[in-house]
Amino acid sequence: MATPPDHPVDPFTAVESLRATLDRAGIVLPSLAVDPATLALNLVDLGRVRADVALRLAEALQPRGAAA
């Protein structure tokens with residue numbers, strides 16, 4: 001598990017950055033948003049996606065040439 005960053009990360013900036021990066025990969029997470037119930041924790045809700053989108057996301061995160 002990753003340790004928290006040394007400085008606060010704005011969840012709205014994180015969401016927009018992730019949305020832009022996923023868009024360049026042709027991946028859309030329709031429910032991607034800042035979790036309004038946990039603003040103090042800076043949580044980002046990735047939402048639910050279809051299985052084919054989850055597979056494309058996993059493939060996009062793999063290093064080039066690595067097998068899943």
Q) Shared ILVMFWY cluster between L41 and V34, side chains joined below 4.5 angstrom? A)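 As far as the 4.5 Å side-chain criterion goes, V34 and L41 are not connected within one cluster.
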Exercise for the section: Would you kindly confirm whether L39 and V15 end up in one hydrophobic cluster when ILVMFWY residues are joined by side chain heavy atoms under 4.5 Å apart? Expected result: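 Yes; tracing contacts between hydrophobic side chains, which count when under 4.5 Å, links both residues.
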Original post:
Of all residues at least two apart in sequence or in a different chain, which pass the side-chain hydrogen bond (donor to acceptor under 3.5 Å, both in side chains) check with D45?
Top reply: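 Applying side-chain hydrogen bond (donor to acceptor under 3.5 Å, both in side chains) to D45 gives none.
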Taking side-chain hydrogen bond (donor to acceptor under 3.5 Å, both in side chains) as the test, write out the residues that go with S17, two or more places apart.
->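 Partners of S17 under the side-chain hydrogen bond (donor to acceptor under 3.5 Å, both in side chains) test: none.
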Problem - Sub-4.5 Å side-chain heavy-atom contact between L18 and L46 - result: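 Heavy-atom side-chain distance check passes, below 4.5 Å.
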- Are V49 and L57 side-chain neighbours, meaning at least one heavy-atom pair lies under 4.5 Å?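 Answer no - side chains too far apart.
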Under a 4.0 Å N-O cut-off, is there an ion pair linking R56 with E59?
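E59 and R56: not salt-bridged.
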Using every non-hydrogen atom in the two residues, find where [X] and [Y] come nearest and quote the distance to one decimal.
X	Y	value
P11	N42	CD-OD1, 3.5 Å
S31	G47	CB-CA, 3.6 Å
V28	P30	O-CD, 3.4 Å

Could you go through L22 and L29, starting from their C-alpha distance and side-chain angles, then the distance that decides it, and tell me whether this counts as side-chain contact (heavy atoms from CB on, under 4.5 Å)? CA-CA 8 Å; L22 291 171; L29 299 181; 3.6 Å; yes
Open item on the list: Test of understanding: with side chain to side chain contact (heavy atoms under 4.5 Å, CB included), list the residues that count as partners of R48, not counting sequence neighbours.
Closed with: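 With sequence neighbours excluded, R48 shows a side chain to side chain contact (heavy atoms under 4.5 Å, CB included) to no residue whatsoever.
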**Item:** Interatomic distance, L32 atom CG to E16 atom CD [nearest 0.5 angstrom]
**Value:**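 Here the rounded value is 7.5 Å.
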